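Not measured: the values here are computed from a predicted model. Per chain, numbering begins at 1; letters A, B, ... match sequence-line order. Side-chain atoms are counted along with the backbone in the values below, which use heavy atoms only and exclude waters and symmetry mates.
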Number of protein chains: 2
Amino acid sequence: MDAVTPTLAAPDTEPLIADTPKASPAATPSPAASEDRTPLYRQLADHYRHAIEAGTLVPGDRMPSVRTLMERHQVSLSTALQTCRHLEAQGVLEARPRSGYFVRTPARASLVPVAEPRPWVPDLMQYVGINQRVSSILARGLQADVKVNFAVAHGSPSLYPVNELQQATIRALRDNPLLYGTPPPGGGEARFRCAIARRALEARMNINPEEIVVTHGCIEAVNLALRAVASAGDVVAVESPTYYALLQTLESMGMRALEIPTSPQTGISLEALQLASETYDNIKAVIVVPHFQNPLGSVMPDSHKAQLVKWAESRGVAIIEDDTYSALGDDGNIPAAIRSWDTSGNVIHCASLHKTMAPGMRLGWIAGGKWQWRVEMLKYAQTRPNEALAQIAMGEFMDSPRYDRHLRRLRAQLREHRAAMAEAIATHFPAGTRLTLPAGGLSLWVEMPGSVSSERLFDAALAKGIRVAPGSLFSNSSRYDHFLRINGGQPFTREVEKAVRTLATEVSRLLDTNG
Amino acid sequence: MDAVTPTLAAPDTEPLIADTPKASPAATPSPAASEDRTPLYRQLADHYRHAIEAGTLVPGDRMPSVRTLMERHQVSLSTALQTCRHLEAQGVLEARPRSGYFVRTPARASLVPVAEPRPWVPDLMQYVGINQRVSSILARGLQADVKVNFAVAHGSPSLYPVNELQQATIRALRDNPLLYGTPPPGGGEARFRCAIARRALEARMNINPEEIVVTHGCIEAVNLALRAVASAGDVVAVESPTYYALLQTLESMGMRALEIPTSPQTGISLEALQLASETYDNIKAVIVVPHFQNPLGSVMPDSHKAQLVKWAESRGVAIIEDDTYSALGDDGNIPAAIRSWDTSGNVIHCASLHKTMAPGMRLGWIAGGKWQWRVEMLKYAQTRPNEALAQIAMGEFMDSPRYDRHLRRLRAQLREHRAAMAEAIATHFPAGTRLTLPAGGLSLWVEMPGSVSSERLFDAALAKGIRVAPGSLFSNSSRYDHFLRINGGQPFTREVEKAVRTLATEVSRLLDTNG
């Protein structure tokens, strides 16, 4: 985005952007456009974003329709659609059912999104001790007297139906007098597995409840998936930046992480993945978080998901899909899971409920595809079946209308909290700061100017009672050392606002001292 | 025991058994005794057992005092004591506080204990797919309409304080309104860890609550311990027979199991372990269940534990102690944990509460010794901290006098149920059947005559609605194919008695058809 130099004229002039000859044979691309390697829809999106920033289009204005875009710029239907969706994902447009796209009230006009990653050639990471680093950061965080915690990746307790789940748990205890007297059933509680399977239909997956193995959070699911498809020494491709738990798990299993450039908008770069697979012929699996990725908030377009499935299948690379955040999109739509394109069992689907339902319940699940038997065996050998209580309570809750009611409320609150937090960062952080504006999820990914060290900031903030997640946790490289992940899931109170100001002051101070 | 040919005269003749010259320089061992490699205390114990079987001593009679034994047989104090304890462990004698040992009313005069293992040279097991075998057996068991389940290794719900724990859970929910809203703390709940640490004192361990990492059952603890000290390809020594979960875990991690002959009385053979370590110089760890081992019910003498600690330390072999059953001894004493002899951090201590407190709660724990940091890291990367709810409820229960009250009741019931079950097996099973008579724990280990196939019996019994655990699950070898593990933790109802008769009939039928 910002890394792309605008080369486009204002909306009403001749089309300078057009599809490739194949897609739209009549169009004549301008020299500028044909030299520019930025995808066409992105050029077009930038074009309109600039128009909006310049005041040509103002909040509430209707965006030209898809048909208009096609005609005006001589582009294909898919490019026109992608353009609008991209602007929606950036928070610039909003879709209104049966009315088209409209210019959204921006969080703040000066908000600069995080840049697309400069492409790099993926190379196998020499572990620099991510476990040591994560443990040290966590330990320092726990020892300090933290007043405001921006480091977590879940919402505040007020966002979750804690009372209703407590009541459901009490009912579960009363209805099952022998609950503590007998071991939990293999695989999981039937009602809970059925509830999960029914909900999976919304993500266009058809999963038999019997295939759902309940786990201790998504992290156990991913552990089992990795153990099912790979061994120590094997190469596993991951998004970069990625949730540090994945890097920790890989390191703890002696597997090697191959970090793939990942767009804050569209997720993992399929081109980079292709390139990597030409260099490393022993990639056993790729782990992707397709929706509202942690920390980026990126969302893979459906076309990417379909391509990834096809590519991985042909290469013999297993896909491990971590779809923990899919219910957290601002628009309330559940995006189609990668697994919904799978026809051969090559996608292992993992998810959990602690981001959407209850951070205090460790309920995750896995559907193992063609590794189902091995996943079941590994789960049994690793931790045995999960306790029944939480499953019974959650199963009851998910079967009721309270579940959707909760999700609607949660999404609305997350949207509001995230926007307020982004606005505060844009207002108070020094010039040159960039941040993502995801259209869902829990995190904001903040790039500090001037290569401020996130670990030094972590320590400085901790001394003031504020905890952040330094970017250095999210890669084995030093690529994100000047980034922060900031939680967008807490009510924007005065105390939080004050903490953002304090944090901003610390960033400025470190910036001034070349920190 | 039975494998040893009695070479002893009746009690009142000259001492034929005596300690080695060093321990008792005045004694002159008879040629028979010096040739016999059976330990002295065992010869002496057999001597008195035969006297009791012959009616020389009858139930209720006082056993000669330790002092009498020392004088009469010219043995040391420790040999005399060991003799009595051994006979107690066999169920032949019972200790009465401040009165000495008395002949116990035998479960049945004809009860023949399982033989000591014939020593074998430990060899690395070629996996024959223990996971496949266990999964298949479990699946067949789950599909069938089981009316009486002898295959489990926990007590009936009636043995556990299910109501009290449910009430404690409800209180925990009410007292912690934000319980589901925030993730559980690292390591575990403070009160629960303190309760565990306090209870560990009874087993003579001094463990800091901070060192206790709460896990999903003992199986996760053992998984973490193995991952902390060994890698794929490494050799790990295990008891033989052993709980199949350990073999499964080893297979799932690509580690190699080295099965060590294990006595139904005194546990793992230290001689065989020594021999094995001379053959295999890459043994990374030994897993032992020192008290009321599953399936044997064996109890390691303190002298063995001390020797094992010393030996393992000098060899650089980690000890993984699984002490899940230590509270289940008939006499109510908590035996000293192996870890209590450790001074260098070479013993990783693992245990759980689902055998003693609540089979439906998956609460285990691990103290990692010198691998503590690695254990903590692996737990975090594998499943994150355990949910808080069960820990809060259990912590409250363990802090109250109800805990000891429950344990007393549990032990008394287990003793009664186990004895009734042993008596029924001895009465109804065909001649030649042998079984253990452990002085605590949950299981009976039954050797069927004439090499009856335990898997064929499993299928035959299942067809009649009865589930057993076939001996073939407890080893990678075929050594225990004609054994069964029978649960001794259920009330001996008419239905159970009928099931034992049916099982006995099936054994006889298979025996007649060379099955």
Handout entry: A:Leu173 portion near chain B, given a 4.5 angstrom heavy-atom threshold
Key = both

Fill in the blank from the handout: One option among A:Ala390, A:Ala221, A:Ala358 has the most heavy-atom pairs under 4.5 Å with chain B, and it is A:Ala358

Problem - Check: A:Gln382 main-chain N/O paired with B:Gln248 side-chain donor or acceptor under 3.5 Å - result: no

Handout entry: Part of A:Leu138 lying under 4.5 Å from any heavy atom of chain B
Key = side chain

Completion exercise
Ranked by heavy-atom pairs below 4.5 Å to chain A, first place among B:His354, B:Met357, B:Arg227 goes to B:Arg227

Fill in the blank from the handout: Most heavy-atom pairs under 4.5 Å with chain A, out of B:Val134, B:Ile170, B:Leu142, belong to B:Ile170

Fill in the blank from the handout: Residues A:Pro359 and B:Gly181: closest non-hydrogen pair is CG-O, 3.4 Å

Problem - Under 3.5 Å side-chain donor-acceptor pair for B:Ser252 and A:Tyr380 - result: no

Handout entry: Main-chain N/O of A:Thr383 paired with B:Glu220 side-chain donor or acceptor, under 3.5 Å
Key = no

Exercise for the section: Indicate yes or no: at least one non-hydrogen side-chain atom of A:Glu376 is less than 4.5 angstrom from one of B:Ser135. Expected result: no

Exercise for the section: Considering non-hydrogen atoms only, spot the tightest contact between A:Arg384 and B:Tyr243 and give its length. Expected result: NH2-OH, 3.0 Å

Practice task
Determine the option with the most heavy-atom pairs under 4.5 angstrom with chain B, choosing from A:Ser158, A:Ala245, A:Pro177.
Solution key: A:Pro177

Practice task
Determine the minimum heavy-atom distance between A:Leu178 and B:Pro157, stating which atoms define it.
Solution key: CD2-CB, 3.8 Å

Problem - B:Thr169 vs A:Leu389 side-chain heavy atoms within contact, under 4.5 Å - result: yes

Handout entry: Atom group of B:Pro185 that falls short of 4.5 Å from chain A, counting heavy atoms
Key = neither

Problem - Test item: B:Glu387 side-chain N/O and A:Met361 main-chain N/O as donor-acceptor pair under 3.5 Å - result: no

Exercise for the section: Quick one: pull up CE in B:Met253 and CG in A:Leu378 and give me the separation to the nearest 0.5 Å. Expected result: 9.0 Å

Exercise for the section: Report yes if the side chains of A:Trp373 and B:Gln132 come closer than 4.5 Å at any heavy-atom pair, otherwise no. Expected result: yes

Completion exercise
One option among B:Asn163, B:Leu165, B:Asn176 has the most heavy-atom pairs under 4.5 Å with chain A, and it is B:Leu165

Exercise for the section: Rounded to the nearest 0.5 Å, what's the gap from CG on A:Asn386 to CZ on B:Arg362? Could you check? Expected result: 9.5 Å

Handout entry: N/O donor-acceptor pair under 3.5 Å between A:Asn131 side chain and B:Met377 backbone
Key = no

